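Taking it in order: structure first as structure tokens, then the write-up.
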Amino acid sequence: MHVSLFSAPQGAVLQAIDDDGRVSGDPRTVPFDALAEAVAPLEAEHPRWVWDDTSRWYPPLLEAGVRIERCVDLRLSHAILRGSALTEGSALASAARSSWDQPTPEARVQREEHTLFDLEERPVSTAAEDTLVEFALQREAIAAADDPRRIGLLIAAESAGALVAAEIRHAGLPWSAEAHEAMLGEHLGPRPPSGQRPEKLEAVLARLRDALEAPALNPDSPADLLKALGVAGLMVKSTRSWELKKLKHPAIAPLLEYKKLARLLAANGWHWLDTNVRDGRFHPDYVPGGVVTGRWASKGGGGALQLPKQIRGAVIADPGWKFVVADASQLEPRILAALSGDRGMAEAGSAGDLYAGIVASGAVATRDEAKVAMLGAMYGATTGESGRLMPALTRAYPRAIGLVEEAARAGEKGEVVTTRLGRSSPRPGSEWREGQAEAYGETATDADASRARGQARGWGRFTRNFVVQGSAAEWALCWMAGLRGRLHEIGGGLWITDSPHLVFFMHDEVVVHCPEGLAAEVEAAVRAAAAEAGRLMFGPMPVTFPLTVAVVDNYGQAK
DNA sequence: GACGGCTCCAAA
DNA sequence: AACTTTTGGAGCCGTC
């Protein structure tokens, strides 16, 4: 059963839909502030809720204590179906661009200071028929797709991901402001008045200015810094840390130290703490599908997907609770092995360490070489050590390397590539296409041709990476969707935050917050969900997706 | 003063 | 150690 949910001037409308996508029974309108009470009893029948944006409907339901088992997020699904090579013949794919092609109108949601149910006075962006028509179009596109199961799984996983994102934001990651402040105090000194440098940062700066004999140096200005380094005889063309590390000079140590501390202050200092931690929780603001490849993005909310290892010690479980931290080891190369059906590479990963397996196969000499070679294969490196190792890797794993090479060649020609479950890459922009066309024109110079080749290779690196990164993102979605269901079962009917629940996600890593006594059960669930994700996506292909799991009190203790 | 481009660094 | 992919954010600096 499906139940669609949309806005009307009088309130929210609930409309049952049968499996053919046709309206079934009469619509029911309820005031927005009574929506949760209307949804909760229906949820007992396990419907799939159909709505325009999970980020718009679900947070207020969670606030009201209502959890949803499954949904269709029409906007996220639309983006996938619109671009997928698997549905390119559908009416949806050829329809005129509409509001469904716009990103979630979150500005409207967030601008409102009032409760999120206070929708009456806003323009209703999604009229009733829009939601129902769009859903029918999507069902039709999926049913007629080259492989309905694949694209159907992707839609379900993407929508489940949207639920997870809302639930993580709702629950929040346990965060000890006290531990965070202690860490800041240790590295930076006491909190200074706003606009001033902390004591310890100022001290390091004094040593730096001394060493460079530049008393007026502004260390935050790359140009100023470059000049001062030049005067001191240090010829570098950038002030990047890795470049500075190669130099030997009394100024280098304080400079690197300054950069490290300044970064901590700017990215995760007191200001970050003030704006992002409330009542002992950091509430990540994930954007499912926010990256072209299908990865999640994060915005506002403090950069959840760039949470530095340095400050993870402030993530402390509640008393009597634990974190189960799990990351998928060497996810992307394993995804590549599965995608390409490369039995040799699958075999190399079967013992646990894929890179060690590659060494054991004799393709390369050391684990570091295996790692750099694999990264190079997936990113499209041609120079350096990685480029040098490519021929040997290609000989050992022709199918795996062949797959990324083929994706790269498609991109160089401006063609579309598609992930395992059916997310397709965007087409290059008009500038790119014009550049390619001009390179073959009468008036083209060698420089034009060379620039066009460079851009073609650049787009090829993008499509090469797209198939791997995008398929890995799909695996992560399947993993989390399965884990979410299992955690709910373990919770035995308790509310999300009173039972094991997801509190963090970072591309190939999840953190579950759970009562200590359930940690072992949660660990088993995390592993089972990973195995199931592999089966769902790749069937009987014997590729394993081992996890590194740690049960800890403190996120900083994991890995 | 707003804005965009640039540099640098955090994550996977 | 980077090279080579996808991101977000802070600060600087020139332009408007």
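Residue numbers begin at 1 in each chain, while the letters A, B, ... track the order of the sequences. This structure is a prediction, so every number in the text was calculated from the model and none was measured.
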Base, sugar-phosphate or nothing for [X]? Non-hydrogen atoms, less than 4.0 Å.
X        : result
A/Glu385 : base
A/Leu307 : sugar-phosphate
A/Lys245 : nothing
A/Ser298 : sugar-phosphate
A/Thr383 : base

Figure out the [atom1]/[atom2] separation between [X] and [N], and round it to whole Å.
X        : N      : atom1 : atom2 : answer
A/Asp220 : C/dC12 : CG    : C1'   : 9 Å
A/Leu261 : B/dC9  : CG    : P     : 13 Å
A/Asn218 : C/dC13 : CG    : P     : 6 Å
A/Leu389 : C/dT4  : CG    : P     : 16 Å
A/Glu243 : B/dT7  : CD    : C1'   : 13 Å
A/Leu331 : C/dT6  : CG    : C1'   : 14 Å
A/Trp459 : C/dT6  : CH2   : C1'   : 12 Å
A/Leu226 : B/dC8  : CG    : P     : 8 Å

**Prompt:** Does A/Ala381 or A/Lys246 map to a spot on DNA chain C nearer the 5' end, using the closest nucleotide for each?
**Reply:**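 By nearest-heavy-atom nucleotide position, the 5'-most residue is A/Lys246.
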
**Message:** Nearest heavy atom decides the nucleotide; on that basis, is A/Ala267 or A/Gly458 closer to the 5' end of DNA chain C?
**Reply:**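 Its nearest nucleotide lies further toward 5', so the answer is A/Gly458.
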
**Request:** Verify the ring-centre separation between A/Trp296 and A/His507: is it less than 6.0 angstrom?
**Result:**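 Ring centres of A/Trp296 and A/His507 not closer than 6.0 Å.
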
**Message:** Is it the case that the ring center of A/Trp272 lies less than 6.0 angstrom away from the ring center of A/Phe282?
**Reply:**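 Yes.
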
Side chains of [X] and [Y]: closer than 4.5 Å at any heavy-atom pair?
X        : Y        : result
A/Ser159 : A/Ser77  : yes
A/Trp100 : A/Arg82  : no
A/Leu255 : A/Pro219 : no

[X], nearest nucleotide to its side chain (from [options]):
X        : options               : value
A/Arg312 : C/dT4, B/dA12, C/dC13 : B/dA12
A/Pro308 : B/dC9, C/dT5, B/dA11  : B/dA11
A/Ala297 : C/dT7, C/dG11, C/dT6  : C/dT7
A/Asp508 : C/dT4, B/dA12, C/dC12 : B/dA12
A/Lys309 : C/dT4, B/dA11, C/dT6  : B/dA11
A/Val292 : C/dA10, C/dT7, C/dG8  : C/dT7
A/Gln306 : C/dG8, B/dA12, C/dC13 : C/dG8

**Message:** Does atom CD (A/Glu243) have a neighbourhood of more than 12 heavy atoms from anything else shown, all under 6.0 Å?
**Reply:**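 Yes, because the 6.0 Å sphere around CD of A/Glu243 holds more than 12 heavy atoms from other groups.
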
At less than 4.0 Å, is any side-chain N or O atom of [X] found next to OP1 or OP2 of [N]? Yes or no.
X        : N      : value
A/Ser221 : C/dC13 : yes
A/Thr239 : B/dC8  : yes
A/Arg461 : C/dT5  : yes
A/Lys259 : B/dC9  : yes
A/Ser241 : B/dC9  : yes

**Asked** Hey, does the Lys NZ or Arg CZ of A/Arg312 hover above the aromatic six-ring of A/Tyr555, less than 6.0 Å from the centre and inside 45° of the axis?
**Response**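 Judged by the rule, A/Arg312 and A/Tyr555 form a cation-pi pair.
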
**Request:** Ignoring hydrogens and angles, answer whether the base of B/dC9 and the side-chain atoms of A/Arg263 contain a donor-acceptor pair closer than 3.5 Å.
**Result:**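 It does, because a donor-acceptor pair links the side chain of A/Arg263 to the base of B/dC9 below 3.5 Å.
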
